[in-house]
Amino acid sequence: MSALILRVHRYLLGVSVFGAGLAMAAVFVLVFLNAVGRYGLGRGITWASDMAVFMMIFGVMLGTAAAYLQERHVSFSVFTSLIPKRWQVWHVVLIDLVVFLVGVGLAYSGWEFIESRGRMRSASTGLRLWVFQSSMVLGGVLLALSGLIMAAKHRWTSDDKETPA
Amino acid sequence: ETFRFAHVDPADWTSSKKGAAALVFKNLIEAETEHSVELFPAGSLGNEDDLINGAIDGTINIVMVSGAYANFCAAAAVTDIPYAFPTSTIAWDVMDGEFGTALAEHCLDETGLRTLAYGETGYRHFTNSVRPVASPADMRGLSFRVQTIPLYLEMVRGLGAEPQGIAWGEVPTALATGVVDGQENPISVIYGNNFYEFQKYLTLDGHVYGVDHILINDDQFQSLSASDQAAFRRAARIAGTVGRAIQQFGSADGVSKLAERGMQVTQPTPEQLAEFRAAAQPAVVTYLRNELGRDAAWIDRLLASVDAAAAAQ
Amino acid sequence: MMYGLFILLLLLGVPFAFVILGGLLVFMLQGDMPYHIRIVAQQMFGGLNSFPLLAIPLFILAGEVMNEAGITKRIIDLANALVGRMRAGLAQVNIWASVLFAGLSGSAIADTSTLGRVFIPEMEKEGYPRDFAAALTAASSVIGPIIPPSIPVIIYALTVTGVSVPALFLAGVIPGLLIALALSIYVWFAAAHYASRERRTGSRRKAVLNGLLPVAMPFAVIGSILAGIVTPTEAAAFAVAYALIVGVGVYRSIPLRRLPRIFSRAMVDSAVIMIIMGAVAAANWLLTYNRIPNIITEWALATVDSQIIFLLVILVLLLVVGLMLEGIAAILVLVPILHPIAVGLGIDPLHFAIVVIFNLMLGLITPPVGLCLFVADSVARTGLAPIVRRIMPMLAIQIMVLLLITFVPSLVTFLPRLAGY
Ligand code: NA
Ligand code: NA
C-alpha cells in the first residue's frame with residue numbers, strides 16, 4: 001500500500017514538475033526571441049507575447065500542484081502548532097481533503113468557464129480560447145489528485161511520524 | 001433597483017467621453033426614475049471583453065464599450081472598416097439612423113444585449129517619428145504599432161507599411177527606442193500618453209471611426225416598466241450625445257495642444273484621403289467578407305448607408 | 001457565511017491561496033443569479049492574463065540560474081575585498097554581500113538560504129555565535145527585495161495604477177542602502193568582540209576582477225529598465241540569457257542536463273506566489289463588484305485627515321499584519337484598499353509604496369512566523385528561540401530606518417525625481 005502511494009506521488013509530481021519546467025522554458029524562449037527580434041531585427045513575432053502569457057498560466061497551474069505535492073505553499077500556521085500531537089495526522093489529512101475539494105471546485109469552475117467562453121478566438125494567435133482556458137480545468141484536476149494522494153501519503157505512509165492504528 | 005454601469009475609461013467627465021456619458025446617465029436615471037445607478041469606471045470590473053461577458057450574464061447591467069463588441073457580435077466589426085465614415089456628422093446620421101437601428105436588432109439576437117444608444121471614441125490617426133505623411137506613398141517603409149487585431153494588420157499592410165502587434169503597456173518603450181516608427185490612436189490617447197515626446201509627425205487621416213455602444217442586458221430591460229424603459233432610452237441617447245461632445249471637444253483641443261508641443265500636423269487633402277481609402281479599404285473588406293461569411297451583407301449595407309447620408313448632408 | 005469559512009480554513013492551516021479559492025467557490029455555488037461558479041476560474045484566468053506578470057517567473061528564473069552558476073561565491077569574495085578588513089569584518093561582509101546579491105535577486109528568502117549556507121558556518125569558525133550569524137543573515141536579507149530588482153515591487157506596481165516599475169525600482173535604492181548602513185554600524189559596535197581570529201582576505205584585485213562580471217549584470221539590467229530601453233519583462237528575459245551564457249558558457253558551472261530542473265524549480269517557486277495572485281484577483285472582483293474598496297476609502301478619508309496619523313496607523317497595521325501574513329499576499333489584499341486612501345491624503349505614491357513594501361518585508365524576520373527566520377533556522381539548526389533573541393536589536397534598528405524613511409519622504413523620492421519620474 002505504502003509503496004503504491006509513494007509511486008503514484010512520485011509519478012504525479014514528475015508530470016507536474018516536468019510540465020511546469022516546459023512552460024517556463026516556453027515563456028523564456030518566446031519573450032527572449034520576441035525581444036531579440038524586435039530590438040535586433042526590427043520586427044517581433046505578433047503572437048509571441050500572448051502565447052508566453054498563456055504558457056505562464058499553464059505553468060502556474062501545474063506548478064501549484066507540484067508545490068502542493070512538495071508541501072511548499074504559504075499558509076497561516078500560528079494556531080496549527082497548538083493542535084495536540086495525536087491529532088496531527090488527522091489535521092494534515094483534513095487539510096489535504098479540503099485541498100482536494102478546492103481542486104474539484106476549480107476544475108468544475110474552469111469547465112463552466114470554457115462552456116461559456118471557450119468558443120471566442122484569441123485575436124493574436126487565431127486559436128479558440130478554450131485551448132488556453134483549459135489550463136484552469138487541468139490545474140483543478142491536478143490539484144484534486146494532489147490533495148488525494150497527499151491525504152493517502154499522510155495517513156498511510158510513515159516518514160518519521162508515528163502512524164495511528 | 002440599483003443598476004451597475006461599467007466602462008474602461010477614466011471617471012473624470014471633463015476629459016473622458018465614457019466618464020461623462022456614464023455620469024450623465026446616472027444623474028438622469030436617478031432624477032427621473034426610482035432606480036439608482038452605480039458607476040464602475042476605469043476598468044475596475046475588467047477589460048471590455050469582461051464587461052460584455054458580465055452584461056450577458058447579468059452580473060453587470062449596463063456597459064459602454066467600443067471595438068470589443070465585435071468579438072461578440074461579429075457584424076459590429078464593419079464600422080471599423082478604414083475610411084468608411086468621411087465625417088463625424090455622417091457617422092452620427094448613419095449610426096442613429098436606419099443602419100444603426102438594424103445593427104442593434106441584429107446584435108440583440110446574437111448576444112441578448114440591447115443597444116440603448118451609440119456614442120463615439122472618435123477618429124484614429126497615424127503618428128510617426130520619421131517624416132510627414134500626407135499620402136500612402138509616404139507610408140512606404142515605415143513600421144507602425146497596432147493592436148494585434150487582423151483588421152488593423154491588414155489595413156497597415158494595405159497602406160504599404162509594416163504593422164507590428166505590440167501590447168499596449170509596451171508602446172511608450174517601443175516608440176522611445178525606435179522599435180517602431182509610429183503608432184495610431186485617437187487624439188486624446190496620443191496626448192494623454194505624452195506620445196508627442198517620441199513622435200514628431202501627426203497625420204489627421206482618420207482611418208478608423210470608433211463607435212461606442214451603450215448596452216443593457218435585455219432581460220433586465222424588459223423587466224422595467226414602459227415609462228422606465230423610455231427613460232433609460234432617453235438617458236442613454238443623451239449620454240451618447242454628451243460622450244460625442246466631450247470627445248469632439250477633447251480632439252479639437254488635443255490637436256492644438258499637440259501642435260504646441262512641437263508636433264507637425266498634416267491634414268491630407270480630399271484627393272489624398274481618397275488615395276488612403278483606395279489603398280486600405282479593399283484589403284480589409286476582402287478580409288472581412290471572408291471572416292463574416294453570412295454577415296458580410298452588413299459591409300455593403302454600411303457603405304450604402306454612408307453614401308446616402310453623405311448625399312443628404 | 002463566506003467570511004466564516006475563510007477564517008475557519010485559514011486557522012485550520014489550509015494554504016492561503018486555497019483558503020481564498022475555497023471560500024469563493026462555495027460562495028459562488030450558493031449565490032443567486034449574478035454569481036456563478038464560472039466566475040472564479042474566469043477572474044483567476046483574467047488576473048493572470050497579463051504581459052507584465054511574466055517578469056515574475058523570469059526574474060525568479062534569472063536568480064536560480066545565477067545561483068547555480070556559482071555567482072554567489074564571487075559576490076562574497078567581492079564583498080570580502082571591499083569591507084572584509086573593517087571592524088567585525090565577516091559580519092560586515094555578510095551585510096554588504098546581501099546588498100550586492102540584492103542586485104541579482106528579488107527575494108529575501110533566496111538571499112537567506114543561499115548566503116546563510118556560506119556565512120553561518122564561516123562566521124562560527126571566526127568566533128561569532130551561530131545564532132547571531134543566522135540572525136544577521138536573516139536581518140540583512142530584507143535588503144534583497146528593497147534594492148532592485150524586486151518581486152514585491154513588480155507586484156505592487158501591477159496592483160495599483162499610477163506607479164511604474166522603473167520609478168519604484170529607483171525609489172528602493174536609498175532605503176536599501178540605509179538598512180545596510182544601519183546594520184553595518186550596529187555590528188561595528190555590537191559584534192566586533194566576537195571575532196577571535198585575524199581575517200585573511202586574499203587577493204583583493206583578483207576578487208574584484210572575478211566579481212565584475214556578475215555585478216555588471218544588475219547594472220546592465222536595471223539600467224536598461226530605468227533608461228526605458230526595455231520593459232521589465234524583457235529585461236528579465238535578458239537577465240536569464242545573460243546568466244545562462246555566464247553559467248553554461250563562461251564559468252561552465254552548469255551542466256546542460258541540470259537545466260530542466262532549474263527551469264522546473266523556477267516555475268514551481270513562481271506558482272507559489274502567482275496562485276495567490278490569481279486567487280486574490282478573483283476575490284478582488286467580488287470586493288470591487290460590491291464597492292467595498294470604495295466604501296472603505298470613503299470612510300477612511302472622512303475619518304483620518306492627517307498624513308502623519310495615517311502613516312502611523314499604517315505602520316502599526318502592517319507590522320501586525322506582517323506578523324501573520326506573508327508579505328506578497330498582504331500587498332495583494334491590502335494595497336488596493338490603502339493606496340487610494342494614501343493618494344487621497346496627498347501622500348506621494350512612490351513614497352507610500354516603499355514604506356508599505358519595507359514594512360511588509362520586515363514581517364519576514366518578525367517572530368513568530370517570519371519566513372526568513374525559518375529558513376535561517378533550517379540552515380543553522382540552532383532552534384528558533386535563540387535566533388529570535390539575537391534578531392530583536394537588528395529588527396529595532398530596521399524599524400528605526402523605516403520610521404526615518406516614513407517621515408523623510410525625500411529619501412525615497414529623491415532618485416526617482418532626479419530621473420524625471
Ligand atoms: Na533585489
Ligand atoms: Na546577508
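Just so it is clear, the values below take in all heavy atoms, side chains as well, and ignore hydrogens, waters and symmetry mates. In the text below, chain A, chain B and the rest are named by the order of the sequence lines, each starting its count at 1.
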Any idea which of [options] has the most non-hydrogen atom pairs under 4.5 angstrom with chain C?
| options | result |
| --- | --- |
| A/Val99, A/Asp96, A/Val29, A/Leu101 | A/Val99 |
| A/Gly110, A/Gly19, A/Ala25 | A/Ala25 |
| A/Ala66, A/Ala65, A/Ser135, A/Ser49 | A/Ser49 |
| A/Leu62, A/Leu143, A/Leu22, A/Val137 | A/Leu143 |

Student check: side-chain heavy atoms of [X] and [Y] closer than 4.5 Å:
| X | Y | result |
| --- | --- | --- |
| A/Ser109 | C/Leu25 | yes |
| C/Phe45 | A/Phe54 | yes |
| C/Phe263 | A/Phe28 | yes |
| A/Phe132 | C/Asn49 | no |
| C/His36 | C/Met28 | no |
| A/Met150 | A/Ile95 | no |

Contact class of [X] relative to chain A, heavy atoms under 4.5 angstrom:
| X | answer |
| --- | --- |
| C/Leu244 | side chain |
| C/Thr233 | both |
| C/Ile56 | neither |
| C/Leu53 | both |
| C/Leu12 | both |
| C/Leu61 | side chain |

Choice from [options] maximising heavy atom contacts with chain A below 4.5 Å:
| options | answer |
| --- | --- |
| C/Ser270, C/Pro260, C/Ala41, C/Ala17 | C/Ala41 |
| C/Val40, C/Leu21, C/Leu58, C/Ile39 | C/Leu58 |
| C/Gly278, C/Gly22, C/Ala236, C/Pro57 | C/Pro57 |

Quick one: what part of [X] sits under 4.5 Å from any heavy atom of chain C, side chain, backbone, both or neither?
| X | result |
| --- | --- |
| A/Ser16 | neither |
| A/Gln133 | both |
| A/Met24 | both |
| A/Val53 | both |
| A/Val17 | both |
| A/Ile114 | neither |

Practice task
Measure up the C/Phe18 and A/Tyr68 rings against each other and bin them: parallel (under 30°), tilted (30 to 60°), perpendicular (over 60°).
Solution key: perpendicular

Exercise for the section: Kindly say whether C/Val272 contributes a backbone atom to a donor-acceptor pair with the side chain of A/His73 at under 3.5 angstrom? Expected result: no

Exercise for the section: Output yes when a side-chain donor or acceptor of A/His91 lies under 3.5 Å from a complementary backbone atom of A/Trp87, and no otherwise. Expected result: no

Handout entry: Pairing of C/Arg265 and C/Glu68 as salt bridge, 4.0 angstrom limit
Key =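 Yes, charged N to carboxylate O under 4.0 Å.
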
Practice task
Indicate whether the side chain of A/Ser2 and that of A/Thr157 have a donor and an acceptor atom separated by less than 3.5 Å.
Solution key: no

Practice task
State, without any angle test, whether A/Thr125 and A/Asp50 hold a side-chain donor-acceptor pair at a distance under 3.5 Å.
Solution key: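 Distance-only check fails for A/Thr125 and A/Asp50.
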
